[in-house]
Amino acid sequence: AKEIAPFLIRFGVDTAEFLEPVESFRTFNEFFFRRLRPEARPLAPGPDTVLFPADGRHLLVSDLSSDSTIFAKGRRFDLTALLGDSNLAAEFGGGSAVLSRLCPTDYHRFHFPLEGECGEARMINGMLYSVSPIALARSLRYLYENKRRVTEMRHPVIGRYLFLEIGATNVGGIVDTASPGPVAKGEEKGYFRFGGSMVITLFPSGTFEPAEDLRDQSAAGIELYARMGDRMGSLKAPGQ
């Protein structure tokens, strides 16, 4: 707990956003997965708006069937390895994904980018490698080998989409606070215990239109910093 105050000063963390006072955190880990006041993360309006699910640095993979030009160049995402399910991999093979990378200074709770029906999270045990751009430039296999949870979501317009929570260096705990069933857009899904980490949102082919800043920076290989609740893009009905 004595490390919290120096951390706040060093990284300029805004304590006015915290739901609980700093003095209430008994350990650094409690501070790490802190809750925020609802008004600290307003939700972008619009019925077709897709929200960023977490604070962090975000990259769009516009076509999962094409070679990666962002990380390990000339390689494709191995969706079967990532999802642990060949049928899901075939279903989302032509879709898109947004990778949201969290750093230790970030708010470490993640939220639903869309309303819908939440399925049961499925755990795939693995290692806790770094998921930094430097690590992923060497090999995308770190995503497939790390501990992760896969949740199938149902949405009335686009059908099924996927939400993945991926552990990374020093992240031994991925905690879901939401239960299977109907959920609201922006509702909390869970949190990471201490360390860096990532969430990935996967969309079926032709159903997600990214926001311009996300599209343009990702095309240039640059992560976009955005906060949970900011606009990640919009939905398109299949076939539009």
Closer than 3.5 angstrom, by distance alone: can the side chain of Glu187 be matched with the main-chain N or O of Val183 as a donor-acceptor pair?
no
Show the nearest heavy-atom pair for residues Ile124 and Leu82, with the distance to one decimal.
CD1-O, 4.0 Å
Under the salt bridge (Lys or Arg N to Asp or Glu O under 4.0 Å) test, which residues partner Arg215, sequence neighbours left out?
none
Any chance you could measure Cys118, atom SG, to Asp176, atom CG, to the nearest 0.5 Å?
7.0 Å
Answer with yes or no after comparing the ring centroid distance for Phe110 and Phe192 against a 6.0 Å cut-off, counting only values under it.
yes
Arg122 (side chain) donor-acceptor with Leu83 (main chain) under 3.5 angstrom:
yes
Would you call Lys189 and Glu165 a salt bridge, using N to O less than 4.0 angstrom?
yes
Same cluster for Met228 and Met232 if Ile/Leu/Val/Met/Phe/Trp/Tyr side chains link at under 4.5 Å?
no
Does a side-chain heavy-atom distance below 4.5 Å link Leu59 with Arg101?
no
Cluster question for you: counting only ILVMFWY and a side-chain heavy-atom cut-off of under 4.5 Å, with indirect links fine, are Tyr107 and Phe33 together?
no
Using a 4.5 Å cut-off on heavy atoms from C-beta on, say whether the side chain of Leu235 contacts that of His155.
yes
Can you label the angle between the Phe52 ring and the His58 ring as parallel, tilted or perpendicular, going by 30° and 60°?
tilted
Can you tell me how the ring of Phe31 sits relative to the ring of Phe28, calling it parallel under 30°, perpendicular over 60° and tilted otherwise?
perpendicular
Calculate, to the nearest 0.5 Å, the distance between atoms OG and CG belonging to Ser205 and Asp63 respectively.
7.5 Å
Out of curiosity, does Phe163 fall in the hydrophobic cluster containing Met123 (side-chain heavy atoms, cut-off under 4.5 Å, transitive links)?
no
Is a salt bridge present between Glu20 and Arg34, judged by a nitrogen-to-oxygen distance below 4.0 Å?
no
Closest approach of Leu64 to Val61 (non-hydrogen atoms, all atoms of both residues):
CD2-CG1, 3.8 Å
Is the shortest heavy-atom distance from the side chain of Glu152 to the side chain of Leu88 under 4.5 Å?
yes
Is there a path of hydrophobic side-chain contacts, each under 4.5 Å between heavy atoms, that joins Val199 and Leu51?
no
May I ask you to check whether Tyr161 and Phe208 place their ring centers less than 6.0 Å from one another?
no
d(Ile166 CD1, Arg149 CZ) to nearest 0.5 Å is 13.0 Å
